[in-house]
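See below for the structure under consideration.
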Amino acid sequence: MATSQTSPPIPPKYLQEDDLSEECKKFLSTLPKEKAWIGSYMYNYQGFWVADRIIQGVIACQQQFQAHDSDIILVTNPKSGTTWLKSLLFALVNRKKHSIFEQNHPLLVKNSHDLVPFLEHRIYGDDHDRNYSSFTLPRLFSTHLPFTSLPKSVQDTSTKIVYLCRNPRDSFISLWHFTNSLRLHYKDTNSIEEMFDLFCRGMSPYGPFWNHVLDYWKQSIEKPNKVHFFMYEEIKAQPKLQLKRLAEFLECPFSLEEENCGVVDEILRMCSFENLSNLEVNKNGKSSLSEAEYKLFFRKGKVGDWKNHFTKEMSEKLNHVIEQQFQGSGLRFSYI
Ligand code: A3P
């Protein structure tokens, strides 16, 4: 008698691990490895932790990406507010081309990850335009790469870098929720204790978290015209001021007329959590490259959610790590 067998569902692209070249697999076997937050393993490459699915894209962009002087690159540790800042940057830089009051503004129909691509995520795509030649200037990109691992041309040109940092306590909670949501395909989630231990030991995607932050922080002090460093919490607290500072750094300050017409307020409203998370594309769409659902990029968007999850011991442990790692840097993370 024939038995009916159902084959297991095909995992989404962000969980597929079999598209690595033999050369890449051989290279990975030489690197230190650790349990990954989403897939099976992450590897220590050039001093930071990166998932096996991403590493081919990292190497490709390091070897091939040619920056232009006018490029703008947004850099973040994962879950620091990348989606938000991509939206703000896109709206800000393209406001002459796409009036923020336009009925069919690109941000109303596309997720910002489709408007501002990650340099290292090209591995998922059909790499036909590795040099992004079809992009209009100034080109906007993003990356999670640490400063010392950026493609060389980014450092050799006048490319501007915008670095967004977030309180590590909230970044950790956001990362834990996000990666567990992506793992749901396996019906298997990671415990907060286990991932907290990895995070504190520096083993998070693109981490150690503190090395990532500190390298860009130092660059922003040494080269303030090249690297603009700011915090998620600062944008939350003083959105108008921070957006205006960003516009000045990018040499596209708001005119008095724009301010009087409400352009600054409208950009902030358009890019607010409430507005973006309620758009059809962000409620029901997913990335064609990674197949991740866009709604996962909008969870709470609040400052201080870590307090709803941390035990007293976790809080003390991370305080200690933060104190040790950021001591003497001048960087402070509020405890609220
Ligand atoms: P939470 O998980 O704490 O809610 P990233 O874009 O780097 O992946 O970061 C995602 C985090 O930014 C999530 O944090 C998400 O809710 C928050 N976020 C997304 N869009 C936002 C917005 N428009 N304003 C504020 N926070 C936003």
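Along the sequence shown, the residues carry numbers beginning at 1. Computation of the quantities below employed the complete heavy-atom set of this structure, encompassing side-chain atoms and omitting hydrogens, waters and symmetry-equivalent molecules. Each ligand, and each atom within it, is numbered from 1 in the order the structure gives.
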Margin query: Show every side-chain hydrogen bond (donor to acceptor under 3.5 Å, both in side chains) that has at least one partner inside residues 277-287, sequence neighbours left out.
Written below: N111-N282, E280-N284, S287-S290
I'd like a table of the close N/O pairs between ligand 1 and the protein (anything under 3.5 Å), one pair per line with both atom names and the distance.
residue: ligand 1; atom: 2 (O); partner: S174; partner atom: OG; Å: 2.6
residue: ligand 1; atom: 2 (O); partner: R299; partner atom: NE; Å: 2.7
residue: ligand 1; atom: 2 (O); partner: R299; partner atom: NH2; Å: 3.4
residue: ligand 1; atom: 3 (O); partner: R166; partner atom: NH1; Å: 3.4
residue: ligand 1; atom: 3 (O); partner: R166; partner atom: NH2; Å: 3.0
residue: ligand 1; atom: 3 (O); partner: R299; partner atom: NH2; Å: 3.2
residue: ligand 1; atom: 4 (O); partner: K300; partner atom: N; Å: 2.7
residue: ligand 1; atom: 4 (O); partner: G301; partner atom: N; Å: 2.7
residue: ligand 1; atom: 6 (O); partner: T82; partner atom: N; Å: 3.1
residue: ligand 1; atom: 6 (O); partner: T83; partner atom: N; Å: 2.8
residue: ligand 1; atom: 6 (O); partner: T83; partner atom: OG1; Å: 2.5
residue: ligand 1; atom: 7 (O); partner: K79; partner atom: N; Å: 3.2
residue: ligand 1; atom: 7 (O); partner: S80; partner atom: N; Å: 3.1
residue: ligand 1; atom: 7 (O); partner: G81; partner atom: N; Å: 3.1
residue: ligand 1; atom: 7 (O); partner: T82; partner atom: N; Å: 2.8
residue: ligand 1; atom: 7 (O); partner: T82; partner atom: OG1; Å: 2.5
residue: ligand 1; atom: 8 (O); partner: K79; partner atom: NZ; Å: 2.6
residue: ligand 1; atom: 9 (O); partner: G81; partner atom: N; Å: 3.3
residue: ligand 1; atom: 14 (O); partner: R166; partner atom: NH1; Å: 3.2
residue: ligand 1; atom: 14 (O); partner: S174; partner atom: OG; Å: 3.4
residue: ligand 1; atom: 16 (O); partner: R299; partner atom: N; Å: 2.9
residue: ligand 1; atom: 16 (O); partner: G301; partner atom: N; Å: 3.2
residue: ligand 1; atom: 23 (N); partner: C271; partner atom: O; Å: 3.0
residue: ligand 1; atom: 23 (N); partner: F273; partner atom: N; Å: 3.3
residue: ligand 1; atom: 26 (N); partner: Y232; partner atom: OH; Å: 2.7

Notebook entry, point to check: Using 30° and 60° as the class limits, which term best fits the ring planes of W176 and H309: parallel, tilted or perpendicular?
Noted result: perpendicular
Check: When you look at NZ of K300, are more than 12 heavy atoms from neighbouring residues, nucleotides or ligands closer to it than 6.0 Å?
Finding: yes
Next item on the list: Could you list the residues that satisfy salt bridge (charged side-chain N to carboxylate O under 4.0 Å, His left out) with E293, not counting sequence neighbours?
Entry: K295
All N/O donor-acceptor pairs, side-chain side in residues 83-97, below 3.5 Å, sequence neighbours left out:
residue: T83; atom: OG1; partner: H113; partner atom: NE2; Å: 2.9
residue: W84; atom: NE1; partner: C271; partner atom: O; Å: 3.3
residue: K86; atom: NZ; partner: H113; partner atom: ND1; Å: 2.8
residue: K86; atom: NZ; partner: V116; partner atom: O; Å: 2.7
residue: K86; atom: NZ; partner: S142; partner atom: OG; Å: 3.3
residue: S87; atom: OG; partner: T83; partner atom: O; Å: 2.8
residue: S87; atom: OG; partner: S112; partner atom: OG; Å: 3.4
residue: N94; atom: ND2; partner: F90; partner atom: O; Å: 3.1
residue: R95; atom: NE; partner: E258; partner atom: OE1; Å: 3.4
residue: R95; atom: NE; partner: E258; partner atom: OE2; Å: 2.7
residue: R95; atom: NH1; partner: L92; partner atom: O; Å: 3.0
residue: R95; atom: NH1; partner: C252; partner atom: O; Å: 3.3
residue: R95; atom: NH2; partner: C252; partner atom: O; Å: 3.0
residue: R95; atom: NH2; partner: P253; partner atom: O; Å: 3.1
residue: R95; atom: NH2; partner: E258; partner atom: OE1; Å: 3.1
residue: K97; atom: NZ; partner: T136; partner atom: OG1; Å: 3.2

Notebook entry, point to check: Y206 pairs by side-chain contact (heavy atoms from CB on, under 4.5 Å) with which of T76, T143, I54?
Noted result: I54
